[in-house]
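In what follows, a single structure is set out as structure tokens and then discussed.
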Amino acid sequence: MTAITSNLQVVNHAITQAAYMAQRRKESIELLAVSKGFSAVAVREACQAGQRAFGESYIQEALDKIELLRDLPLQWHFIGPVQSNKTRAIATHFAWVHSIDRLKIAERLSAQRPASLPPLNVCIQVNVSGEDSKSGIAPGGLVELAQAVASLPQLELRGLMAIPAPAEGMEAQRIPFLKLHELMQQINTQGLALDTLSMGMSHDFSAAILEGATIVRIGTAIFGERNYGGNQ
Ligand SMILES: *Cc1c(COP(=O)(O)O)cnc(C)c1O
């Protein structure tokens, strides 16, 4: 068994454990394998082990892999910062975008989504830790942005995403995830029906599952350490 295959087993087992602790069905939590910084060969290996959904943060790197892996039944999620000159490529080649934090970007993605494809699933990225350096919209502007994004024809607003500041220990890790969950509930009282909480990475996904994560984005625990730090 390859390292990626056994890592996937360990991660899936840990997701099952956390779901049990949270008294949730395992099927309510989707594993997004974050393959940024790893090769198409590594993704192929993960696919052979049963993994289908993959997350990428850098558009050129992603497009190269998507092209090399066209023969596989994969679902691609864009999770990095979206620059406006990259929206057409993203709207064309991805099923999901997790990192919407401005209306202008959402409008471009909607306008550029090919009519032959189903609407692009999107999440709004929220800055739940209040650090200036992190991307994501501040909670204060969230309801307004959500209403506007939800009205765009070629987008399906599915939920919220966050990358909280790193914290040690389950109790501290749970706080920003609870906050994101509460923000989604608040939006849903305004007439929207969001069903997705994209939260939790290799070091904190169990805490995220306890607070209701429906997609956990896991890279290092599956593929190993990257040579670069990702989009943070
Ligand atoms: C890189 C990245 C991840 C995966 O992080 P790991 O710590 O390697 O699990 C998840 N989400 C986003 C947005 C990322 O950029």
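Start at 1 and go down the list; that is how both ligands and their atoms are numbered.
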Those atoms of ligand 1 less than 4.0 Å from some heavy atom in [X]:
X    : answer
I163 : 13 (C)
T220 : 6 (P), 7 (O), 8 (O), 9 (O)
I79  : 11 (N), 12 (C), 13 (C), 14 (C)
R217 : 4 (C), 9 (O), 10 (C), 11 (N), 12 (C), 13 (C)
I218 : 9 (O)

Evaluate whether atom CD of E168 has more than 12 neighbouring non-hydrogen atoms of other residues, nucleotides or ligands under 6.0 angstrom away. no
Atom CD of E225: over 12 foreign heavy atoms under 6.0 Å: no
Backbone or side-chain N or O of H203 under 3.5 Å from ligand 1 N or O: no
N/O to N/O below 3.5 Å, does that happen between G219 and ligand 1? yes
Test of understanding: given a 4.0 Å heavy-atom threshold, classify the contact between [X] and ligand 1 as side chain, backbone, both, or neither.
X    : result
S57  : side chain
R226 : side chain
K36  : side chain

Have T87 and S84 got a donor and an acceptor in their side chains that come within less than 3.5 Å? no
Can you tell me if E56 and S35 form a side-chain donor-acceptor pair at under 3.5 Å? yes
Parallel, tilted or perpendicular: which one describes the rings of F94 and F78, with boundaries at 30° and 60°?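 Rings of F94 and F78: perpendicular, over 60°.
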Looking at N7 and I222, would you say the former's side chain and the latter's main chain have a donor-acceptor pair under 3.5 Å? yes
Q125 and S99: side chain to side chain donor-acceptor pair (under 3.5 Å), yes or no, with the steps? CA-CA 5 Å; Q125 183 173 351; S99 40; 4.8 Å; no
